[in-house]
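Atom set for the values below is all heavy atoms of this structure, side chains included, hydrogens, waters and symmetry mates excluded. Nothing fancy with the numbering, it's 1 onward along the sequence.
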Amino acid sequence: MVKKISRRDFSVVEFDSSRVNLHLHEDDRRKSLSVFVHGLGGRGYKTWGRLPGMIFNGGEGMPPADVAVYDYESGLRALFRRGADPAFHAAQLREALDRLSDDYGEIYIAAHSLGGLIAHSAVHSYLADVAFDGGPEVTPIAALALFASPSVGSRWGDLMPSLLFREKRWLQRLPPQPSEAIQFFATRVEGHAVGTTGGRRFLLPRYAAVGDKVRFVNRISATFAIDKDQITYLAGTHSSIVKPAFDDLAQLRWLHEIMTKVDLARTQLRREAADAARHRAGAATPPPSPVTRLLVGSQGARWAEIYDEVRLGFSESAAAVEDHRRRPDLPITLIFAVVGAKAVLERRHTITTIVSTACGAYTSDQVPVGIFVVGTNASAAEAVIHDSLPTDMAPGPFFVQGTASEEGLRNLMWRRLVAEFGTAPPRTSQEFGGLTHPHLGRHDGLGRYDYR
């Protein structure tokens with residue numbers, strides 16, 4: 001349940017046992033809802049200052065919106081109970097989201113510090129159930145805006161005495177519970193504000209705000225696995241970056257920008273899904289062209305050029321191959337992931353995200369995947385990737401292969417296209433084959449594997 005408050009003006013109201021106060025506009029129910037979740041030791045209203053009321057009343061070009069405020073006792077507020085139980089509060093917030101999603105088409109969640117981990121866990125549970133029920137890729141949960149939230153923990157969390165604060169288990173570095181949600185978001189959720197899921201199950205953009213005087217959460221943890229274009233930098237401390245100053249409404253403008261971009265992306269994806277449904281319901285059409293997707297880090301512009309060169313060359317000589325950026329309405333047929341050997345050996349988190357995304361597409365959507373490692377230490381990096389793969393992956397077209405040069409990358413990509421989509425004139429005199437499956441062994445170029 002949630003506590004409903006229908007008033008003309010926004011004001012602080014006591015919480016009941018549901019711990020969720022839903023502020024409604026008297027004249028009309030709004031389609032958009034903003035949910036606020038405070039952090040360690042915070043309070044439902046006090047943490048955010050004027051921000052929830054400004055969202056409720058509109059301003060800075062924003063239309064008025066309904067607002068929900070979630071409050072839970074943690075830190076010193078819950079010291080007599082050995083701190084908060086974040087798993088319980090995540091389940092409580094999840095229950096509230098279930099009820100709120102019956103009435104709202106767009107729910108934006110703003111969360112601070114520990115509240116970001118609780119919100120991640122609640123949304124993870126919500127989306128997992130939607131996926132199990134075969135629900136849509138665009139759900140009422142529209143976006144997550146995280147203010148200094150330690151996605152992979154904090155060194156200050158390591159220093160908390162576990163006998164006094166149960167929150168330590170979630171706030172210490174590399175915490176076990178939130179990492180499950182982070183893995184889910186990395187493999188099943190498109191976190192960019194784009195009009196496509198990119199082969200993933202859900203569209204749910206995530207944003208991060210970092211303060212210049214924040215000491216409790218470092219920048220890496222606060223922005224982990226979030227695109228650089230969806231990170232904003234605010235002036236303030238850990239507690240002040242969520243409170244708009246009287247002469248600076250940066251937080252309000254940021255949330256308004258998020259809502260505008262996400263609404264456009266969700267509208268586009270819904271429209272394309274409707275168009276695709278109409279096409280499927282129409283007369284029989286020729287089978288669609290194969291569609292490939294490239295997964296590459298921010299330093300991989302040259303590899304992206306090689307990918308386009310190979311794809312276009314193959315299209316001219318054999319079957320036309322589309323890129324998913326141009327045809328997001330068609331299902332992805334093959335994924336190329338290109339990573340640098342040095343970055344793999346250094347265990348950079350961007351590489352983990354790329355490999356996790358590839359594994360997620362392979363296991364959940366049965367999309368063939370080729371992971372190519374480029375660099376002088378490609379063999380060693382191959383072994384690192386193999387060791388990081390889930391042990392329960394089903395046999396199938398999932399390959400990891402290293403090469404020392406750009407020309408080798410061209411050849412490997414060309415061979416994968418031939419194997420998946422048909423014959424084409426050979427690019428080199430080299431023998432076809434040589435791709436390695438992590439569980440089945442070496443591919444011989446004729447659709448067979450050497451079992452290990």
Side-chain angles (χ1 to χ4, degrees), residues 5 7-13 20-39 42-71 100 104-113 115-116 119 140-149 191 193 204-214 217 222-223 226-267:
I5 302 122
R7 295 181 181 175
R8 185 179 301 276
D9 298 316
F10 187 88
S11 59
V12 174
V13 177
V20 178
N21 285 351
L22 174 60
H23 293 261
L24 308 170
H25 286 264
E26 289 181 336
D27 54 344
D28 186 26
R29 175 67 61 83
R30 311 289 168 158
K31 79 161 189 172
S32 176
L33 174 71
S34 293
V35 179
F36 290 87
V37 185
H38 66 77
R43 294 179 181 273
Y45 292 97
K46 185 177 180 180
T47 289
W48 301 97
R50 300 183 299 148
L51 190 55
M54 299 177 81
I55 296 289
F56 183 83
N57 295 322
E60 291 290 302
M62 294 180 62
D66 289 349
V67 166
V69 181
Y70 176 57
D71 178 78
L100 294 170
Y104 294 93
E106 317 281 344
I107 299 176
Y108 295 89
I109 301 175
H112 177 232
S113 192
I141 311 298
L144 278 169
L146 307 171
F147 291 82
S149 180
L204 201 165
R206 293 186 302 146
Y207 294 79
V210 182
D212 61 343
K213 298 181 178 66
V214 172
V217 180
T223 62
I226 295 179
D227 186 79
K228 63 180 181 180
D229 294 331
Q230 294 177 188
I231 300 171
T232 193
Y233 297 89
L234 302 173
T237 64
H238 188 68
S239 60
S240 70
I241 63 167
V242 299
K243 297 180 175 70
F246 283 93
D247 58 347
D248 186 2
L249 305 180
Q251 296 87 347
L252 184 64
R253 290 193 297 271
W254 184 54
L255 293 179
H256 185 200
E257 179 184 344
I258 289 173
M259 294 175 187
T260 301
K261 290 182 177 180
V262 170
D263 184 64
L264 288 174
R266 288 163 65 85
T267 299

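The structure places OG of Ser32 at 7.5 Å from CE of Met62, a figure rounded to the nearest 0.5 Å. In this structure, CZ in Arg206 is found 10.5 Å from OG1 in Thr223, a value given to the nearest 0.5 Å. The distance from atom CD1 of Ile141 to atom CD1 of Ile107, rounded to the nearest 0.5 Å, is 4.0 Å. Rounding to the nearest 0.5 angstrom, the gap separating the CD1 atom in Ile231 from the CD1 atom in Ile226 is 6.5 Å. Atom CG of residue Leu255 and atom CE of residue Met54 lie 10.5 Å apart, to the nearest 0.5 angstrom.
In this structure Ala142 satisfies the side chain to side chain contact (heavy atoms under 4.5 Å, CB included) test together with Glu106, Tyr108, Val262, Arg266, sequence neighbours excluded. For Arg253, the salt bridge (charged side-chain N to carboxylate O under 4.0 Å, His left out) partners are Asp248, not counting sequence neighbours. Taking the ring pair (Phe, Tyr, Trp, His ring centres under 6.0 Å) definition, one finds that Phe36 meets it with Trp48, sequence neighbours left out. Legend: residues meeting side chain to side chain donor-acceptor pair (under 3.5 Å) with Arg43, ordered by chain and number and at least two apart, are absent. Ser240 pairs by the side chain to side chain contact (heavy atoms under 4.5 Å, CB included) definition with Thr237, not counting sequence neighbours. Under the rule for a salt bridge (charged side-chain N to carboxylate O under 4.0 Å, His left out), Asp227 has no partner lying at least two apart in sequence or in another chain. Thr267 is linked by a side chain to side chain donor-acceptor pair (under 3.5 Å) to nothing, counting only residues two or more places apart in sequence or in another chain. Partners of Pro63 according to the side chain to side chain contact (heavy atoms under 4.5 Å, CB included) rule, which considers only residues two or more places apart in sequence or in another chain, do not exist here. Residues passing the side chain to side chain contact (heavy atoms under 4.5 Å, CB included) test with Ala235 are Asp212, sequence neighbours excluded. Every salt bridge (charged side-chain N to carboxylate O under 4.0 Å, His left out) that Asp71 has, sequence neighbours left out, goes to Arg19, Arg77.
When side chains are defined from C-beta on, Thr232 does not count as touching Glu257, because their heavy atoms never get closer than 4.5 Å. Annotation: side chain of Ile55 is not in contact with side chain of His23 (no heavy-atom distance under 4.5 Å). For the pair Tyr104 and Leu22, the minimum side-chain heavy-atom distance is below 4.5 Å.
Under a 4.0 Å N-O distance rule, the pair Asp229/Lys261 does not qualify as a salt bridge.
For the residue pair Leu51 and Val242, the shortest heavy atom distance occurs at CD2-O, 3.6 Å. Annotation for Met259 and Ser34: closest pair CE-OG, 3.2 Å, computed over non-hydrogen atoms. Residues Pro244 and Leu249 come closest through the heavy atom pair CB-CD2, 4.0 Å. Among all heavy-atom pairs drawn from Ala143 and Leu204, the shortest one is CA-CD2, 3.8 Å. Heavy-atom minimum distance, Gly116 versus Ser149: CA-OG, 3.2 Å. Considering every non-hydrogen atom in both Ala222 and Ala148, the closest pair reads CB-CA, 4.3 Å.
Residue pairs meeting the ring-ring contact (aromatic ring centres under 6.0 Å, His included) criterion with at least one partner in residues 234-266, sequence neighbours excluded, are His112-His238, Phe147-Trp254, Phe216-His238.
The distance between the ring centers of Tyr45 and His38 does not fall below 6.0 angstrom.
No option in Leu146, Ile109, Leu144 other than Ile109 meets the side chain to side chain contact (heavy atoms under 4.5 Å, CB included) test with Val37.
Other residues, nucleotides and ligands contribute over 12 non-hydrogen atoms within 6.0 Å of the NZ atom of Lys243.
Asn57 places no side-chain N or O within donor-acceptor distance of the main-chain N or O of Asp9, the cut-off being under 3.5 Å.
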